[in-house]
Amino acid sequence: MVTQIMSDAEQGTTDTVSDVLHVTGLTVEYVTDGDPVRACADVTFTLRRGEILGVAGESGSGKSTLITALTRLQRPPAVTTAGSIVFHPRDGGPAIDLVTASPRALRALRWTSLSIVLQSAMDALNPVMRLGAQFADALRTHDRTLSKDAAWARAAELLATVGISGDRARSYPHELSGGMRQRASIALALACGPELVVMDEPTTAVDVVMQRQILAQVLRLRRTLGFAVVFVTHDLSLLLELADRIAIMYAGRIVELGTARELYDDPRHPYTRGLRDSFPPLHAPLTRLTGIPGTPPDLRRPPSGCPFHPRCAARFEGCDTHLPELITKGGHAVACRLHEPTERPDPAPDSASGPASDTRPDRTEGGAS
């Protein structure tokens, strides 16, 4: 079992030297002709150096909006209306609030401090530029002393780190397979040695064998280079194997945040239990899987109270009027009235309330376990 990286709450300290990102009260809205649509609401978390933070949730939960806000890549009509995203450089320089940073300051940070692996590798690479030229463009932009030949040589080295032959630097993206393009996108994100890499569904549209290879490469490179990762996916089972901590998003809010082991053994939010119990275990007796009834809410007309209450089998009186806060206890945070320190009735038991069989695979560097 892989040792989990403890959060600040678990360590009982706020050591900014070991923190790379502090996100506080982040709110992102989409401007419309009517009322604005709030896609992220009061998102708060801390990311430690070298940590993999997974972000999971159904489509429409605010995951992609969150990461474009973290990297300041959102475009109108998306607007960050509240909160801060404070980046702490590794060299001990002054902290930078990315929400208020100027375009010039952001340009200096991108690739060298912050980078992103976009969701679709089929579209992320420039189709009319050779692969090496795209690497050289990023490298020479941030290092004016680097010659063109040296940049191309470095591109070949970077491709080799993700298992692609260096001579493929002369290839165009359409000459590579989908898995190779995805790995090339990861190598490109690491070209300038960033401290934080945001990955938006980096294994989308690849088969499970290639998915495993890509994740093994991410773990190996993270261990070697020491960067932190925000890893966004729909697949909670994937994060249980990969991530140190996991944030579960629903209707634009983080409803649970804890270590991968905590969310697997003892998910406290009914939504997290539903996600966990919706995929089959690798080694267990045959059981009937239970999904989450209903559909995610329309953020143009969100339900009152807890946004999950229309789909929740554990709801009770007041869930439709009271919005629960994210409460942290022992490093494990949850936004659910079942865990608020108030007197409440016991909810009716449901099929997703108990822990599943312990089949969480260990993280490995190679093929399927």
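Positions are given from 1 along the sequence. Quantities reported herein were computed from a predicted structural model and do not represent experimental measurements.
S102 pairs by the side chain to side chain contact (heavy atoms under 4.5 Å, CB included) definition with R104, A105, not counting sequence neighbours. Under the side chain to side chain contact (heavy atoms under 4.5 Å, CB included) criterion, S61 pairs with K63, M249, sequence neighbours left out. Residues that satisfy the side chain to side chain donor-acceptor pair (under 3.5 Å) test with D42, not counting sequence neighbours, are absent from this structure. Take C306 and apply the side chain to side chain contact (heavy atoms under 4.5 Å, CB included) test, not counting sequence neighbours, and it matches F308, H309, P324. Listed by chain and number, the residues in a side chain to side chain donor-acceptor pair (under 3.5 Å) with T80 are Q74 (sequence neighbours excluded). The salt bridge (Lys or Arg N to Asp or Glu O under 4.0 Å) search around R154 returns E157, not counting sequence neighbours. Considering only residues two or more places apart in sequence or on other chains, E58 meets the salt bridge (Lys or Arg N to Asp or Glu O under 4.0 Å) condition with R311. Residues that satisfy the side chain to side chain donor-acceptor pair (under 3.5 Å) test with Q134, not counting sequence neighbours, are absent from this structure. In terms of the salt bridge (Lys or Arg N to Asp or Glu O under 4.0 Å) criterion, residue partners of R38 (sequence neighbours excluded) are, by chain and number, E29. With sequence neighbours left out, A108 forms a side chain to side chain contact (heavy atoms under 4.5 Å, CB included) with no residue at all. By the salt bridge (Lys or Arg N to Asp or Glu O under 4.0 Å) test, R144 pairs with no residue at all, sequence neighbours left out.
Remark: D91 CG is packed, more than 12 non-hydrogen atoms of other residues, nucleotides or ligands lying under 6.0 Å away.
The two residues G25 and T44 come nearest to each other via the heavy atoms N-OG1, 2.9 Å. The nearest pair of heavy atoms linking A151 to L139 is O-CD1, 3.7 Å. Among all heavy-atom pairs drawn from C40 and G62, the shortest one is SG-O, 3.5 Å. Taking each heavy atom of V99 and R72 in turn, the nearest pair found is O-NH1, 3.1 Å.
The side-chain heavy atoms of V55 and F45, taken from C-beta on, include no pair separated by under 4.5 Å. For the pair Q217 and I186, the minimum side-chain heavy-atom distance is 4.5 Å or more.
When atom types are taken as modelled, the side chain of H174 and the backbone of P127 share no donor-acceptor pair closer than 3.5 angstrom.
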Exercise. Between L125 and L188, is a side chain to side chain contact (heavy atoms under 4.5 Å, CB included) present by the stated rule, with each step listed?
Worked result: CA-CA 10 Å; L125 298 172; L188 183 57; 4.1 Å; yes
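Rounding to the nearest 0.5 Å gives a distance of 8.0 Å between CG of L263 and CG of L257. The CG atom of L21 sits 6.5 Å away from atom CG of L98, with the distance rounded to the nearest 0.5 Å. In this structure, CG on L196 lies 10.0 Å from CZ on F227, to the nearest 0.5 angstrom. The line from CG of L70 to CG of L114 is 9.5 Å long, rounded to the nearest 0.5 Å. Of the inter-residue distances, the one linking E195 atom CD with R90 atom CZ reads 4.0 Å to the nearest 0.5 angstrom.
A single hydrophobic cluster is not seen to contain both V209 and M180; linkage of ILVMFWY side chains at heavy-atom distances under 4.5 Å, directly or through other members, places them apart. Cluster annotation: V334 is not connected to L53 through the hydrophobic network of ILVMFWY side chains, with a link wherever side-chain heavy atoms come within less than 4.5 Å.
Hydrophobic cluster membership of L299, counting Ile, Leu, Val, Met, Phe, Trp and Tyr whose side-chain heavy atoms lie under 4.5 Å apart directly or via other members: Y30, V37.
Under 4.0 Å is where a charged nitrogen must lie from a carboxylate oxygen, and between E51 and R245 at least one such pair does.
Side-chain contact, H22 with S84: no donor N or O sits under 3.5 Å from an acceptor N or O. At a cut-off of 3.5 Å, with distance as the only test, a side-chain donor of D167 or S165 sits close to an acceptor on the other residue.
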